[in-house]
Amino acid sequence: MSEDQFDFDVTVVGAGVAGAVTAYLLAQKGLSVALIDRGETPGSKNLSGGVLYCRSMTTVFPDFFDQAPYERRISRNQLVFMTPESSVALDYADERLHRGGTAVTVLRAKLDAWLAERCEEAGVMVMPGTRVDGLRIDQGRVVGVRAGEDELNCRVVVAADGVNSFLCRDAGLRPKPASNQLALGVKAVVKLPDGQLESRFGLAPDHGAALALVGDCTQGVGGGGFLYTNRDSCSVGLVLRLDDLVRQGLRSVDLFDHLLAHPLLERYLADGQLVEYGCHLVAEGGRAMRGQIVHNGLVVVGDAAGLTINTGFTVRGMDLAVGSAIAAAEAVAAAIAADDVSAAGLAPYETALDQSYVGQDMRTFAKAPHFMEGDRLYHDYGPLLADILFQIYHLDTSPRHRLMKVARSALKASPLRLTQLARDGWEGVRAL
Ligand SMILES: Cc1cc2nc3c(=O)[nH]c(=O)nc-3n(C[C@H](O)[C@H](O)[C@H](O)COP(=O)(O)OP(=O)(O)OC[C@H]3O[C@@H](n4cnc5c(N)ncnc54)[C@H](O)[C@@H]3O)c2cc1C
């Protein structure tokens, strides 16, 4: 195509975190950029549990803490093993987390709208309410996108269209993900009665809590739950491994109701008002899911590139989306300046991504998806922990036993064997 046939230097498809940050950075480098999203307003269709690890976002927006519509700074993290009647928590609170602004809770409708505003200020043409139907390909090179009757020509397309990336499949970059590489995310936002949130969670103003839930909350389906505090509401939900959900014949809506009925959740959410509810797929396959992320005239960022890490302690996707956006914007701008947007010209994106914290963390936690597939984690560990603690705290008139004997008798009553405990412990420390 000739120079004057290009409408923009770059077209970014998807105004989620990955797409908006890529578009913003490219516009800052003086390129003409279109940012297209199918949602009526950017972010309107997006869903996230809501904990954003901020280290990369604050490098892009140094004024993030003053300007961005975040909810609370997380200073307390809990990992909670649940049985139908109990919950055993590893409860970690630390002022350093709050001071350093490690993580904040966000609501995507607000965050994505703010990111789109920042893009517009930087000169990006933001086009909401437009669904991209396919790529325009000319002699093996991506030269634009099709949206209904319209065509948009550009030097480079950035596929930031999320976990289901239709653009990647259109370009033959990634096969359809296997069902064990996907999870179904179910999330609600529950508004608490005025003034209740801080006292219920034991939080100071602007401090937030993030609870990761394992066990009874998914009724044995691989995955977990979460409960995060916003300003005056909570984000609560489940992430359910798709293959296991189907195999066990359970429905996400029933599991979600079951979660809300648990005594722990009932206490936190009592008299709350449901203000938002939705479902969304989550990429869970780790590095194995990535596929090709560079093609002639095309790069892939964020969830579209399979960039998520779930270790049970943390669920990460948004910060990896930002990291990929930073690497992609740098490489795309350099390729355009060098007038080489072939796969070879754009290849520095892949190298930069692999060398960044995104690539390093994806490698470090490459074994996590396999470890998290183990059934025992969801069935057996919660009851074992609860039984040990029950025998410690439930005093009656019978003689007490020391911890070792208590643990041994709880283990005997559990389907878990000592060899399995040892194997899971060993694999856990190597995977997580
Ligand atoms: C229930 C749940 C809980 C999660 N919890 C967390 C968490 O606590 N912390 C965390 O960091 N991550 C979490 N994640 C993962 C996180 O949400 C994603 O990793 C992150 O949203 C990826 O950003 P993205 O920009 O790549 O994709 P998305 O946010 O999915 O954005 C993709 C965008 O592309 C647009 N789009 C798609 N197709 C088209 C098309 N054809 N034309 C035009 N536009 C299109 C969509 O409208 C959307 O705006 C969670 C996910 C879920 C579902």
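With a 4.5 Å cut-off on side-chain heavy atoms, Val315 and Phe226 do not count as touching. Proximity of Val12 to Val124: side-chain heavy atoms (C-beta onward) are nowhere separated by under 4.5 Å. Looking at Thr229 and Arg200, their side chains never come closer than 4.5 Å, going by heavy atoms from C-beta outward. Under the 4.5 Å side-chain criterion, counting only non-hydrogen atoms from C-beta, Arg72 is in contact with Leu197. Asp244 places a side-chain heavy atom less than 4.5 Å from the side chain of Arg247. Contact annotation: the side chain of Asp161 approaches that of Phe166 to within less than 4.5 Å [non-hydrogen atoms, C-beta and beyond]. No side-chain heavy atom of Pro69 sits less than 4.5 Å from a side-chain heavy atom of Arg231. Leu245 is listed as a side-chain neighbour of Leu255, based on a closest heavy-atom distance under 4.5 Å.
Atom CD of Gln248 has more than 12 neighbouring heavy atoms from other residues, nucleotides or ligands inside a 6.0 Å radius. Remark: Arg251 CZ is loosely packed, at most 12 non-hydrogen atoms of other residues, nucleotides or ligands lying under 6.0 Å away. More than 12 heavy atoms of other residues, nucleotides or ligands sit less than 6.0 Å from atom CZ of Arg363. Other residues, nucleotides and ligands contribute over 12 non-hydrogen atoms within 6.0 Å of the CG atom of Asp63. Within a 6.0 Å radius of CZ in Phe65, more than 12 heavy atoms belonging to other residues, nucleotides or ligands are found. Within 6.0 Å of atom NZ in Lys367, 12 or fewer heavy atoms from other residues, nucleotides or ligands are found, so the atom counts as exposed in its surroundings. In the displayed structure, Glu85 atom CD is contacted under 6.0 Å by at most 12 heavy atoms of other residues, nucleotides or ligands.
Of the inter-residue distances, the one linking Leu52 atom CG with Leu107 atom CG reads 12.0 Å to the nearest 0.5 angstrom. Atoms CD and CG, from Glu71 and Asn230 in turn, are 4.5 Å apart once rounded to the nearest 0.5 Å. The CE atom of Met362 sits 5.5 Å away from atom CG of Leu307, with the distance rounded to the nearest 0.5 Å. The NE2 atom of His295 sits 10.5 Å away from atom CG of Leu346, with the distance rounded to the nearest 0.5 Å. In this structure, CG in Leu384 is found 5.0 Å from OG in Ser414, a value given to the nearest 0.5 Å. A distance of 6.0 Å separates CG of Leu192 from CG of Leu269, quoted to the nearest 0.5 Å.
In this structure a side-chain-to-backbone donor-acceptor pair under 3.5 Å is missing from Arg76 to Leu211. Put simply, the side chain of Ser356 gets close to the backbone of Val358: a donor and an acceptor are under 3.5 Å apart. Although no hydrogens or angles enter the test, the distance criterion places no donor-acceptor pair under 3.5 Å between the side chain of Ser165 and the main chain of Gly162. For the pair Thr59 (side chain) and Met57 (backbone), a donor-acceptor distance under 3.5 Å is absent. Proximity of a side-chain donor or acceptor of Gln273 to a complementary backbone N or O of Val190 within less than 3.5 Å is not detected.
In this structure, Arg118 forms no cation-pi arrangement with Phe61, as its terminal cationic atom is not both closer than 6.0 Å to the ring centre and no more than 45° off the ring axis. Figure legend: Arg430 and Phe371 shown without cation-pi pairing, the cationic atom not lying both under 6.0 angstrom from the six-membered ring centre and within 45 degrees of its axis.
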From CA spacing to verdict: side chain to side chain contact (heavy atoms under 4.5 Å, CB included), Val17, Leu111: CA-CA 8 Å; Val17 173; Leu111 178 74; 4.2 Å; yes

Evaluation steps, side chain to side chain contact (heavy atoms under 4.5 Å, CB included), between Leu135 and Leu167: CA-CA 7 Å; Leu135 294 166; Leu167 292 191; 4.0 Å; yes

Derivation and outcome, side chain to side chain contact (heavy atoms under 4.5 Å, CB included), residues Phe390 and Ser86: CA-CA 10 Å; Phe390 184 74; Ser86 73; over 6 Å; no

Full working for side chain to side chain contact (heavy atoms under 4.5 Å, CB included) between Tyr381 and Arg376: CA-CA 7 Å; Tyr381 281 100; Arg376 294 189 285 272; 3.9 Å; yes

Verdict with reasoning, His98 to Ser75, per side chain to side chain donor-acceptor pair (under 3.5 Å): CA-CA 5 Å; His98 184 264; Ser75 60; over 6 Å; no

Test log, rule salt bridge (Lys or Arg N to Asp or Glu O under 4.0 Å), inputs Asp133 and Arg146: CA-CA 6 Å; Asp133 298 316; Arg146 288 183 287 106; 5.4 Å; no

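Note: Trp114 and Phe64 have perpendicular aromatic rings, judged against thresholds of 30 and 60 degrees for the angle between ring planes.
Between Ala327 and Tyr349, the shortest heavy-atom contact is C-CD1, 3.6 Å. Nearest approach of Tyr357 to Asp319, heavy atoms of both residues: OH-O, 2.6 Å. Listed here is the closest heavy atom pair of Leu281 and Val163: O-CG1, 3.6 Å. Nearest heavy-atom pair, Val406 versus His401, reported as atom, atom and distance to 0.1 Å: CG2-O, 3.6 Å. Summarising the geometry of Lys187 relative to Ser235, their closest heavy-atom pair is CE-OG, 3.4 Å, with the distance given to 0.1 Å. Nearest heavy-atom pair, Thr308 versus Glu284, reported as atom, atom and distance to 0.1 Å: OG1-N, 4.1 Å.
The salt bridge (charged side-chain N to carboxylate O under 4.0 Å, His left out) contacts involving residues 264-281 comprise nothing, where partners must be two or more places apart or lie in separate chains.
The pair Arg174-Asp170 does not meet the salt-bridge criterion, since no charged nitrogen lies less than 4.0 angstrom from a carboxylate oxygen.
Looking at residues two or more places apart in sequence or on another chain, you find a side-chain contact (heavy atoms from CB on, under 4.5 Å) between Ala89 and Gln78, Val80.
Of the residues listed (Thr218, Leu238, Asp216), the one engaging His258 in a side chain to side chain contact (heavy atoms under 4.5 Å, CB included) is Asp216, and it is the only one.
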